[in-house]
Amino acid sequence: MKEKLIVGWREMLSLPNLGIDKIKAKIDTGARTSCLHAFKVESFHKGDTLWVRFWIHPIQHNSEVEVVCEAKVMDERTVRDSGGHEESRYVIESEVNIGGQQWPIEITLTNRENMAFRMLLGRTAMNNRIVVDPAESFLVPFEESK
């Protein structure tokens with residue numbers, strides 16, 4: 001097993017399968033599942049398989065940069081946010097790249113337009129790979145996906 005990656009409470013990462021080269025994420029041990037900002041979500045079928053197309057502004061406070069993503073829907077779940085509100089969300093899978101390490105994670109899609117981070121990296125995505133230093137930020141040098 002590889003040595004665990006030590007990260008700060010916020011880090012830059014990429015989601016290469018989705019075409020997101022760089023996004024600032026809150027490393028959130030309080031969130032079970034990772035989530036990603038999606039301001040427009042459309043479901044469609046490829047054969048018998050449900051897919052989702054969604055739009056994202058990956059840079060906070062910048063609506064000029066827009067990425068359109070497509071992913072196979074893995075599940076649809078009811079998720080409770082930190083305020084106790086429940087919402088049905090699509091769940092997709094994507095590779096995450098942080099510190100030059102890459103692995104698949106589950107991600108729910110929701111509108112995070114008014115939130116401080118476009119993405120939360122939840123604890124199931126960190127399982128046996130990451131240790132969080134909550135006093136630090138941006139400990140991991142950002143490396144482009146290969």
Side-chain angles (χ1 to χ4, degrees), residues 1-63 65-132 134 138-140 142-146:
M1 186 173 114
K2 290 184 179 179
E3 192 171 313
K4 290 185 182 180
L5 185 63
I6 300 173
V7 302
W9 71 273
R10 58 185 170 172
E11 294 289 346
M12 299 303 289
L13 53 86
S14 66
L15 301 166
N17 302 107
L18 299 176
I20 300 171
D21 298 327
K22 190 175 188 179
I23 190 166
K24 183 171 66 172
K26 179 178 179 184
I27 312 303
D28 191 350
T29 59
R32 185 174 55 137
T33 308
S34 300
C35 72
L36 181 64
H37 167 65
F39 67 88
K40 182 178 174 185
V41 179
E42 301 173 347
S43 61
F44 63 98
H45 283 86
K46 283 188 181 182
D48 292 337
T49 307
L50 183 62
W51 281 64
V52 67
R53 179 180 300 117
F54 57 96
W55 283 250
I56 177 172
H57 296 130
I59 304 167
Q60 188 74 24
H61 308 299
N62 182 342
S63 59
V65 177
E66 186 174 287
V67 177
V68 181
C69 308
E70 288 187 0
K72 181 178 159 185
V73 174
M74 307 302 291
D75 197 6
E76 195 169 343
R77 293 185 196 142
T78 300
V79 177
R80 187 177 303 117
D81 67 18
S82 60
H85 306 99
E86 290 187 345
E87 174 187 38
S88 181
R89 297 182 189 174
Y90 287 115
V91 181
I92 63 169
E93 184 178 272
S94 179
E95 295 280 318
V96 63
N97 181 304
I98 182 167
Q101 295 184 31
Q102 192 165 305
W103 64 93
I105 64 169
E106 287 188 347
I107 303 169
T108 65
L109 303 176
T110 190
N111 190 319
R112 297 185 55 79
E113 192 70 38
N114 297 319
M115 306 301 274
F117 292 87
R118 295 294 191 218
M119 181 171 179
L120 298 180
L121 189 70
R123 65 182 177 268
T124 56
M126 299 179 227
N127 194 23
N128 294 320
R129 295 180 181 271
I130 287 178
V131 174
V132 182
F138 307 115
L139 289 177
V140 179
F142 180 74
E143 295 182 25
E144 294 289 330
S145 298
K146 295 173 176 64

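Only this structure's heavy atoms are used, side chains among them; waters, hydrogens and symmetry mates stay out.
Note: F39 CZ to I56 CD1 = 9.0 Å, rounded to the nearest 0.5 Å. Distance check: R123 CZ to T33 OG1 gives 8.0 Å after rounding to the nearest 0.5 Å. Between the CG atom in L36 and the CD1 atom in I105 there is a gap of 8.5 Å [rounded to 0.5 Å]. Atom-to-atom distance recorded for E87:CD and C35:SG is 9.0 Å, nearest 0.5 angstrom. L5 CG to R129 CZ: the interatomic distance, rounded to the nearest 0.5 Å, is 10.5 Å. Here the CD-OG distance, from Q102 to S94, works out to 8.5 Å after rounding to the nearest 0.5 Å.
For L50, the CG atom is densely surrounded, since the number of other residues' heavy atoms within 6.0 Å is greater than 12. Around the CE atom of M12, the shell of radius 6.0 Å holds more than 12 heavy atoms that belong to other residues, nucleotides or ligands.
Across all their heavy atoms, S34 and A125 have their closest contact at OG-CB, 3.5 Å. Smallest separation of non-hydrogen atoms from V132 and I27: CG2-CG2, 3.5 Å. Closest approach of H37 and H57 over heavy atoms only: CD2-N, 3.8 Å. Contact detail for A116 and Q60: the closest heavy-atom pair is O-OE1, 3.5 Å. Contact between F142 and S14 at its shortest, heavy atoms only, is CE1-N, 4.2 Å. What you find for I23 and P58 is that their closest heavy atoms are CG1-O, 3.7 Å.
Between L139 and I6, the closest side-chain pair of non-hydrogen atoms falls below 4.5 Å. No side-chain heavy atom of V91 sits less than 4.5 Å from a side-chain heavy atom of E76. Side-chain contact between S43 and V73: absent, with no pair of heavy atoms (C-beta onward) separated by less than 4.5 Å. Counting only heavy atoms from C-beta outward, the side chains of L120 and R112 approach each other to under 4.5 Å. With a 4.5 Å cut-off on side-chain heavy atoms, E66 and K40 do not count as touching. Side chains of L18 and I92 form a contact here, defined as non-hydrogen atoms less than 4.5 Å apart. Contact annotation: the side chain of R80 never approaches that of H85 to less than 4.5 Å [non-hydrogen atoms, C-beta and beyond]. Here the side chains of R53 and V68 are in contact, with some heavy-atom distance below 4.5 Å.
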**Request:** Let me see the working for M119 and I20 under side-chain contact (heavy atoms from CB on, under 4.5 Å), right down to the final yes or no.
**Result:** CA-CA 11 Å; M119 181 171 179; I20 300 171; over 6 Å; no
**Message:** For W55 and E42: C-alpha separation, side-chain torsions, deciding distance, then whether side-chain contact (heavy atoms from CB on, under 4.5 Å) applies.
**Reply:** CA-CA 9 Å; W55 283 250; E42 301 173 347; 3.6 Å; yes
**CA sep, side-chain torsions, deciding dist, call: N97, L13, side-chain contact (heavy atoms from CB on, under 4.5 Å)** = CA-CA 6 Å; N97 181 304; L13 53 86; over 6 Å; no
**Message:** Pair W103, I98 - check side-chain contact (heavy atoms from CB on, under 4.5 Å), show working.
**Reply:** CA-CA 9 Å; W103 64 93; I98 182 167; 3.3 Å; yes
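Checking side-chain atoms of E11 against main-chain N and O of G8 turns up a donor-acceptor pair under 3.5 Å.
For the 3.5 Å distance criterion, the side chains of T124 and E106 fail to qualify, holding no donor opposite an acceptor.
Below 30°, between 30° and 60°, or above 60°: for F117 and W9 the angle between ring planes is above 60°, a perpendicular geometry.
In summary, R118 and E113 engage in a salt bridge, as defined by a charged side-chain N under 4.0 Å from a carboxylate O.
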